[in-house]
Each structure stands twice: as structure tokens, then as C-alpha cells.
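Data first, discussion second: the structure below is written as C-alpha cells.
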Number of protein chains: 2
Amino acid sequence: MIRVFIVDDHPVVIEGIHSLLQNEKGIEWAGQAMNAASCLGFFVNNTADVVLMDISMPGMDGVELCAVMKEKYPGIVILGLSTFNQGLYIKKMMENGASGYILKNSSKEELIEAIHAVHTGDIYFSGEVGKALTEYQKYSKKELPLLTSREKEVLALIAEGYTNPQIAEKIFLSPFTVDSHRKNLLAKLNVKNTAMLIKLAVENKLF
Amino acid sequence: MIRVFIVDDHPVVIEGIHSLLQNEKGIEWAGQAMNAASCLGFFVNNTADVVLMDISMPGMDGVELCAVMKEKYPGIVILGLSTFNQGLYIKKMMENGASGYILKNSSKEELIEAIHAVHTGDIYFSGEVGKALTEYQKYSKKELPLLTSREKEVLALIAEGYTNPQIAEKIFLSPFTVDSHRKNLLAKLNVKNTAMLIKLAVENKLF
DNA sequence: TTGCATATCCCCTGAAACAGTGATTCTATA
DNA sequence: TATAGAATCACTGTTTCAGGGGATATGCAA
């Protein structure tokens with residue numbers, strides 16, 4: 001009997017999955033939560049085998065929650081769940097210990113297959129997700145380097161139209177320092193001017 | 001008896017709403033479709049009172065489908081349905097004849113309230129959506145001015161990192177002309193430098 | 001036909017951005 | 001403890017942008 005728990009901030013999704021899994025032999029409904037906090041609360045006194053976890057939730061999101069859960073309860077298997085086919089998040093969630101990922105628009109059969117697969121220790125990706133992942137890998141071949149917090153701060157201010165001197169004043173730094181960060185941003189992200197920098201930053205939500 | 005039809009490409013959402021509305025007095029399940037085509041097919045020989053319509057679907061999306069439906073069957077009330085709280089789409093869908101908009105993470109009560117409201121001719125927005133809409137209105141108050149094709153061309157090249165002289169060479173213009181377009185872009189969009197320009201452009205898909 | 005918008009072109013100035021080089025301090029960690 | 005990275009600051013150029021002037025031609029629409 002696989003006890004399935006679900007964390008999703010959308011009642012209709014919880015309801016829908018509940019309904020899909022009802023009467024499914026071998027699968028038992030362990031419970032549900034609409035946010036990270038109540039999920040963690042549940043697992044203090046209870047447990048489950050597989051957790052279906054939405055990726056985007058108010059407060060702590062699925063990516064983080066996944067990391068926390070896997071640290072506290074390494075035995076619990078986590079299956080990512082999202083409306084969108086976003087390689088970046090899929091990857092992050094996998095890095096944080098998820099065992100697979102399915103889209104909310106997958107069929108009942110896929111859902112059940114996925115639950116069984118991850119429960120037996122497999123890694124499961126529905127076809128579409130797999131594609132997205134490889135697409136993403138392709139797209140992010142250049143593997144965007146991690147920005148430091150200072151760099152992100154400066155980047156955000158650049159995007160808002162502040163000039164180096166203005167930024168310097170705003171965050172109490174020398175204009176030279178701001179310029180250094182700016183140069184580092186250009187170098188790290190391998191772009192040659194502000195226009196490209198901001199385009200890349202906005203497209204990849206870098207700040 | 002309000003006959004409710006749902007168009008959504010996510011089985012769990014259909015299932016979830018079906019389950020929520022089951023046993024709800026005054027509401028009858030008219031049917032369901034997972035894409036625009038089968039929705040239109042259904043209404044050839046059938047009808048419904050309220051259509052819950054997902055905004056993002058493969059193929060024809062909710063915004064378009066809404067327009068088509070309202071043209072063919074003006075009497076049918078359409079209630080937008082989406083995971084996200086995106087003012088732009090909400091607005092478009094309303095312009096296309098929708099009677100309201102709710103989020104998929106709204107409660108059962110909200111959902112039922114919304115169905116009754118739009119059925120009696122009201123416009124319904126769940127609280128959060130209302131906020132997003134006014135936020136959006138605020139944001140898009142300045143109603144982004146239309147760019148000329150030349151301006152869009154220049155804008156796209158700026159975003160790709162080309163400098164004025166390079167752009168000039170690329171599209172066979174004087175650098176002065178390119179500069180003029182650039183200045184017009186800044187003026188039209190009411191931004192003060194390239195960073196803001198590109199941010200705005202990318203966020204609003206201006207090219 | 002008289003505007004108006006678009007598109008083109010030109011000049012000047014000051015302010016930023018960009019590029020290259022170098023240096024100090026601090027902290028995390030190998 | 002030694003090293004690497006982050007964060008800080010500094011100087012010197014060159015290039016580009018931004019803002020201020022104008023000017024001409026064309027085509028569409030009131």
C-alpha cells in the first residue's frame with residue numbers, strides 16, 4: 001500500500017488527484033497540505049511514502065520544501081508536480097532530491113505509473129517533461145553562473161534604470177565598486193553591454 | 001439549474017472541479033473538453049449556461065476561444081480560469097466577452113459563488129484577481145504606445161547587444177538615424193536609459 | 001491642402017558605460 | 001594555514017549614450 005500525500009496550494013488540484021486516486025488499488029490517501037508549513041506539520045506526527053509536491057506555492061516553494069523534506073525524512077519519495085514544463089525548476093527540484101516530475105495535465109494512468117515508479121526507487125519523468133528537460137539542458141548549456149548577492153543587488157538596480165553613481169549612493173558604495181560589480185556581471189554572463197545584460201537577466205529571472 | 005461546462009487541458013483540474021461541483025444543488029455538469037476544438041464540437045449539438053475556461057491551452061488558447069464562443073453563442077456565459085494571476089490575460093479575456101475570472105486556487109465556496117454570480121449576469125472577480133487587475137491597470141495605465149516597425153527593428157537589435165554604429169551598418173542607415181529611433185524609443189516608452197528600455201521591452205514582448 | 005506621423009539625416013556636449021590593470025580586506029574552506 | 005572568492009576601492013583611457021538643437025522628404029488623413 002503506497003501512502004500518498006499531496007502538497008499543492010490549489011484545492012481543485014488536490015481534489016482532482018484525490019478523486020483520480022480514489023479506488024485505486026495499492027494506493028492510499030495519506031493526507032494533504034496547501035502550503036509548506038502545514039506539510040511539515042503533518043510529517044511531525046505522520047508519514048507517507050510518496051509526496052506529490054507542487055513546485056510553485058506561496059511562501060516556501062516546492063524546490064525549497066523538497067530540500068527540507070529530504071533532509072528530515074530521506075526515506076520519503078518526492079514527486080514534483082507542476083502546471084508548467086519548466087526545465088529550470090525541474091532541474092532544481094531534482095537536485096534537491098526529488099525522484100521525478102510530472103505535469104498536472106498528465107493522465108490518470110501516467111500519474112499512477114509515476115507514483116509506482118518512484119515508490120520502487122525509479123526516477124520518473126513523463127514524456128513531455130523529459131523533453132523539456134533536455135530542451136532546457138540544451139538551452140542552458142552555457143550554464144548561467146551563480147551571481148553573488150551583491151551582484152544581484154546591483155543588477156536589479158541597473159535594470160531599474162539607475163546609473164553607477166546613483167547605485168553607489170543608494171547602497172553606500174564607491175562608484176568604482178559598483179563599476180566592478182557591473183564589469184563582473186558582464187564578464188560572468190558573457191555579454192558585452194547593458195542591453196544584453198538586462199535581456200538575459202529578465203529572461204532568466206536572475207534577480 | 002445552471003449547466004456548467006469546463007474547458008481545461010488538465011485532467012486533474014477537470015476532475016477536481018467536477019468533484020467540487022458534484023452534489024452541489026442548482027448546478028449540473030454539462031460536460032467537459034480538453035481543448036478548444038472539442039469544446040466547439042460539443043456546442044454544435046449541445047449547450048450549457050456557464051463555461052469555465054482555462055486561459056492557457058495547447059492550440060487555441062482561452063482568450064481566442066472566448067472570442068469565438070461569444071460570437072457564436074452570445075448567450076453563454078464564460079468564466080475565466082487560470083493558475084496565474086496575470087492582469088494582461090485577464091484583461092484580454094474580459095475584452096473578449098468573459099464575465100469574470102477566478103483562480104484555480106480559489107475555494108469551493110468562491111467557485112460556486114462565481115458561477116452563480118456570472119449566471120445572473122454579474123461580473124465576478126475573486127478578491128485576488130481583482131487586485132491583480134487593478135495592479136495591472138495601474139501598471140499599464142501608460143498604455144504602452146505602439147512602436148513603428150522601424151523602432152521595433154532597432155529595439156530588437158539593441159536588445160541583442162548591437163551598438164548604434166553596428167545597427168546602422170546592419171540595416172543600412174546612418175548612425176544618426178539609429179540614434180533618432182533610439183531616442184524616440186526612450187521617449188515613447190518613458191524610460192531613461194537602455195537598461196530600463198530593455199527590461200520593459202522583454203517584459204512586454206515588445207519585439 | 002494643410003497638417004501630422006514616420007523616417008531619414010546632421011551636429012554638439014556632457015555624462016555614462018566599457019575596458020584594462022592593480023590593490024586591499026575578509027571569509028570560508030580545502 | 002594557505003588559497004580562492006567575494007567585496008571593496010582606485011586610475012586612465014576610449015567608446016557609446018543621452019539630450020539638446022535642427023532639417024528634409026514622404027505619405028496619409030482630416
Side-chain angles (χ1 to χ4, degrees), chain A residues 64 67 71 92 95-96 140 142-207, chain B residues 140 142-207:
Chain A
E64 276 178 84
E71 207 201 335
K92 279 189 185 168
E95 281 167 1
N96 282 351
S140 72
K142 47 189 166 195
E143 196 55 34
L144 295 174
L146 290 179
L147 302 181
T148 67
S149 59
R150 236 358 177 190
E151 285 165 349
K152 277 189 266 189
E153 193 179 5
V154 170
L155 176 55
L157 291 168
I158 294 171
E160 289 184 36
Y162 295 101
T163 66
N164 284 350
Q166 288 171 334
I167 295 171
E169 201 188 346
K170 223 173 169 63
I171 57 179
F172 309 108
L173 286 182
S174 152
F176 293 109
T177 307
V178 176
D179 194 50
S180 287
H181 290 309
R182 192 166 194 145
K183 278 184 272 198
N184 285 336
L185 284 165
L186 294 178
K188 271 192 177 178
L189 298 173
N190 194 34
V191 292
K192 50 184 289 306
N193 58 30
T194 305
M196 290 173 82
L197 174 66
I198 299 302
K199 180 162 180 263
L200 191 72
V202 174
E203 286 177 345
N204 295 75
K205 301 188 218 305
L206 251 39
F207 52 91
Chain B
S140 73
K142 46 190 166 195
E143 195 55 34
L144 295 173
L146 290 179
L147 301 182
T148 68
S149 60
R150 238 355 180 191
E151 285 165 348
K152 277 188 267 189
E153 194 178 2
V154 170
L155 177 54
L157 291 169
I158 294 171
E160 289 184 36
Y162 294 101
T163 67
N164 284 351
Q166 289 171 334
I167 295 172
E169 200 189 346
K170 221 171 169 65
I171 57 179
F172 309 108
L173 288 180
S174 153
F176 294 108
T177 308
V178 175
D179 194 50
S180 287
H181 290 308
R182 190 166 194 145
K183 278 184 267 201
N184 285 336
L185 284 166
L186 294 179
K188 272 192 179 179
L189 298 174
N190 193 35
V191 292
K192 50 183 287 304
N193 59 31
T194 304
M196 290 172 83
L197 173 67
I198 298 302
K199 179 161 181 264
L200 191 71
V202 174
E203 285 177 345
N204 295 75
K205 297 187 219 308
L206 251 38
F207 51 91

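Naming: A, B, ... by sequence-line order, numbering from 1 per chain.
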**Request:** May I have the step-by-step check of side chain to side chain contact (heavy atoms under 4.5 Å, CB included) for Ile198(B) and Leu197(A), ending in yes or no?
**Result:** CA-CA 9 Å; Ile198(B) 298 302; Leu197(A) 174 66; over 6 Å; no
**Request:** Locate the shortest heavy-atom distance separating Ala168(A) from Ser174(A); write the atom from each residue and the value.
**Result:** CB-C, 3.9 Å
**Asked** Would Ile171(A) and Val154(A) satisfy side chain to side chain contact (heavy atoms under 4.5 Å, CB included), going step by step from the backbone distance to the final call?
**Response** CA-CA 9 Å; Ile171(A) 57 179; Val154(A) 170; 4.2 Å; yes
Below 4.0 angstrom from OP1 or OP2 of [N], is there any side-chain N or O of [X]?
{"X": "His181(B)", "N": "dT8(C)", "answer": "yes"}
{"X": "Arg150(B)", "N": "dT6(C)", "answer": "no"}
{"X": "Thr148(A)", "N": "dG5(D)", "answer": "no"}
{"X": "Ser180(A)", "N": "dG22(C)", "answer": "no"}

**Fill in**
Axis-to-axis angle across the helix from dT1(C)-dA30(D) to dA30(C)-dT1(D), five pairs each end, nearest 10 degrees, ~ 50°
**Asked** Across the strands shown, which category fits Asn193(B) at heavy-atom distances under 4.0 angstrom: base, sugar-phosphate, nothing?
**Response** sugar-phosphate
Mind calculating the distance between [atom1] ([X]) and [atom2] ([N]) to the nearest angstrom?
{"X": "Glu151(A)", "N": "dA6(D)", "atom1": "CD", "atom2": "P", "answer": "7 Å"}
{"X": "Asp179(B)", "N": "dT15(D)", "atom1": "CG", "atom2": "C1'", "answer": "14 Å"}
{"X": "Lys152(A)", "N": "dA7(D)", "atom1": "NZ", "atom2": "P", "answer": "10 Å"}
{"X": "Leu197(A)", "N": "dA19(C)", "atom1": "CG", "atom2": "P", "answer": "12 Å"}
{"X": "Leu185(B)", "N": "dA7(C)", "atom1": "CG", "atom2": "P", "answer": "11 Å"}
{"X": "Asn184(B)", "N": "dA18(D)", "atom1": "CG", "atom2": "C1'", "answer": "13 Å"}
{"X": "Leu186(B)", "N": "dG20(D)", "atom1": "CG", "atom2": "C1'", "answer": "14 Å"}
{"X": "Glu153(A)", "N": "dA6(D)", "atom1": "CD", "atom2": "P", "answer": "16 Å"}

**Item:** Asn184(B) (side chain) donor-acceptor with Ala187(B) (main chain) under 3.5 angstrom
**Value:** no
**Request:** Spell out, as yes or no, whether a donor-acceptor pair under 3.5 Å connects the side chain of Asn164(A) to the backbone of Pro175(A).
**Result:** no
**Request:** Take Val178(B) and Lys170(B) through the side chain to side chain contact (heavy atoms under 4.5 Å, CB included) test and state the conclusion after the steps.
**Result:** CA-CA 11 Å; Val178(B) 175; Lys170(B) 221 171 169 65; over 6 Å; no
**Asked** Do Thr194(B) and Leu186(B) pass the side chain to side chain contact (heavy atoms under 4.5 Å, CB included) test, and can you show the C-alpha distance, the side-chain angles, and the key distance before you say yes or no?
**Response** CA-CA 8 Å; Thr194(B) 304; Leu186(B) 294 179; 5.6 Å; no
**Message:** Do Ile158(B) and His181(B) make a side-chain contact, defined as non-hydrogen atoms from C-beta onward lying under 4.5 Å apart?
**Reply:** no
**Request:** Give me the residues of residues 164-178 of chain B where at least one heavy atom lies under 4.0 Å from an atom of DNA chain C, by number, or none.
**Result:** Leu173(B), Ser174(B), Phe176(B), Thr177(B)
**Request:** Kindly indicate whether the side chain of Lys183(B) and the base of dG20(D) share any N or O donor-acceptor pair separated by less than 3.5 Å?
**Result:** yes
